[in-house]
Amino acid sequence: MSKVIIMDHPLIKHKISIIRDKSTGTKEFREIITEIAMLECFESTRDLKLHEIEIETPITKTTVERLEGKKLAIVPILRAGLGMVAGMQTLIPSAKIGHIGMYRDPETLNPVEYYCKLPADIEERDVFVVDPMLATGGSACDAITQLKAHGCKNIRFMCIIAAPEGLERLQKEHPDVDITVGALDDHLNDHGYIVPGLGDAGDRIFGTK
Ligand code: PRP
Ligand code: URA
């Protein structure tokens with residue numbers, strides 16, 4: 001079964017409280033999404049492997065730990081996932097970026113894929129799939145299925161707000177994928193929106209409504 005981290009940190013709670021507020025404007029919304037993504041990235045990369053090397057400080061020779069340099073990739077689910085990329089790149093600047101474009105059909109709530117461009121060596125990389133919202137879980141599940149079809153074996157999903165319905169579906173369909181969640185909300189409404197949620201993440205990041 002996948003490991004789920006639900007971020008339990010006052011800074012994250014505070015920042016999520018601001019983006020939930022409908023009076024928060026696009027600029028602040030985008031900046032805070034970036035900050036939350038960076039904080040979630042910090043926690044989600046806890047398992048990265050280190051190796052020892054010898055260096056010289058100005059005082060003496062010593063052994064220090066450095067990242068093993070495992071190849072990483074960040075894959076945002078368009079559009080809203082784009083908002084999380086800058087925060088992730090701040091901490092893992094050498095990660096390659098792939099893009100999977102999906103929108104939810106408003107009637108069926110099923111995801112429709114319209115774009116996929118991944119690094120050529122994606123199957124060799126540990127992949128962080130990012131999308132602020134995990135609602136029914138359809139978009140995340142399909143994006144991860146697509147990545148597995150490209151040969152990816154080590155995938156983690158990161159979101160800012162999850163509905164219990166989406167979390168359960170993702171764990172059931174992809175039990176090998178560990179998940180990082182900023183906040184676990186109450187339920188989905190009849191239109192597939194997360195309650196209390198923050199509304200349409202894509203529209204709020206890009207100012208399209
Ligand atoms: C939103 C969100 C997720 C999806 C979540 O995208 O960013 O990708 O909905 O819903 P699900 O878990 O039920 O699939 P949307 O389809 O609104 O597209 P957008 O990012 O282009 O606005
Ligand atoms: N997508 C969003 O952007 N918000 C939701 O609440 C559900 C899906």
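Counting starts at 1 for both ligands and their atoms, following the listed order.
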*Answer with yes or no whether R204 contacts ligand 2, where contact means a heavy atom under 4.0 Å from a ligand atom.*
no

*asked:* To check you understand the geometry: which heavy-atom pair defines the closest contact between D21 and R204, and what is its length?
replied: O-NH2, 2.9 Å

_Path from L78 to V129 over hydrophobic side-chain contacts below 4.5 Å_ = no

*Using non-hydrogen atoms of the residue, decide whether G192 is closer than 4.0 angstrom to ligand 2.*
yes

*Protein heavy atom under 4.0 angstrom of atom 1 (C) of ligand 1, is there one?*
no

*Do D178 and R46 meet the salt-bridge criterion of a basic N to acidic O distance under 4.0 Å?*
no

*When you measure from atom 22 (O) of ligand 1 to every protein heavy atom, which one gives the shortest distance, and what is it?*
R79 NH2, 2.9 Å

*Give the atoms of ligand 2, by number and element, whose distance to some non-hydrogen atom of A201 is under 4.0 Å.*
2 (C), 3 (O)

*Using the six-membered ring of Y193, assess whether NZ or CZ of R104 lies under 6.0 Å from its centre and within 45 degrees of the ring axis.*
yes

*For atom 5 (C) of ligand 1, what's the nearest protein heavy atom and its distance?*
M133 O, 3.6 Å

*Tell me: protein heavy atom nearest atom 17 (O) of ligand 1, and distance?*
D200 OD2, 3.9 Å

*In terms of atom number and element, which parts of ligand 2 are under 4.0 angstrom from non-hydrogen atoms of A135?*
7 (C), 8 (C)

*asked:* If we ignore hydrogens and angles and just use 3.5 Å, is the side chain of D185 paired with the main-chain N or O of H187 as donor and acceptor?
replied: no

*Compute the shortest N/O to N/O distance between Y114 and ligand 1 and return yes if it is under 3.5 Å, no if not.*
no

*Step by step, work out the salt bridge (Lys or Arg N to Asp or Glu O under 4.0 Å) result for D176 and K148.*
CA-CA 11 Å; D176 54 314; K148 288 183 177 174; 2.8 Å; yes

*asked:* So, applying side chain to side chain contact (heavy atoms under 4.5 Å, CB included) with R79, which one of D131, T208, I205 is it?
replied: T208

*Does V181 share a hydrophobic cluster with I19, counting links as ILVMFWY side-chain heavy atoms below 4.5 Å and allowing steps through other members?*
no

_Is L109 close enough to touch ligand 1? Criterion: a residue heavy atom under 4.0 Å from a ligand atom._
no

*Check the hydrophobic clustering (I, L, V, M, F, W, Y; side-chain heavy atoms under 4.5 Å; chains of links allowed) and say if I122 and I74 are grouped together.*
no

*How close do L118 and H99 get, heavy atom to heavy atom, and via which atoms?*
CD2-N, 4.3 Å

_Heavy atom of the protein closest to atom 10 (O) of ligand 1 (residue, atom name, distance)_ = R104 CD, 3.2 Å

_I need the nearest protein heavy-atom contact for atom 4 (C) of ligand 1: residue, atom name and distance, please._
S139 OG, 3.6 Å

*Should G202 be counted as touching ligand 2, given the test is an N or O pair under 3.5 Å?*
no

*Specify side chain, backbone, both or neither for T136, according to which of its non-hydrogen atoms lie closer than 4.0 Å to ligand 1.*
both

*Contact (N/O only, under 3.5 Å) between A80 and ligand 1*: yes

*Which heavy atom of the protein is the closest neighbour of atom 7 (O) of ligand 1, given with residue, atom name and distance?*
D131 OD1, 2.8 Å

*Smallest separation among heavy atoms of M102 and S139, with atom names*: SD-O, 3.5 Å

*Closest candidate by heavy atom, reference atom 12 (O) of ligand 1, pool A201, G166, G192, G137*: G137

_Within ligand 2, which atoms have a heavy atom of G199 less than 4.0 Å away?_
2 (C), 3 (O), 4 (N), 5 (C), 6 (O)

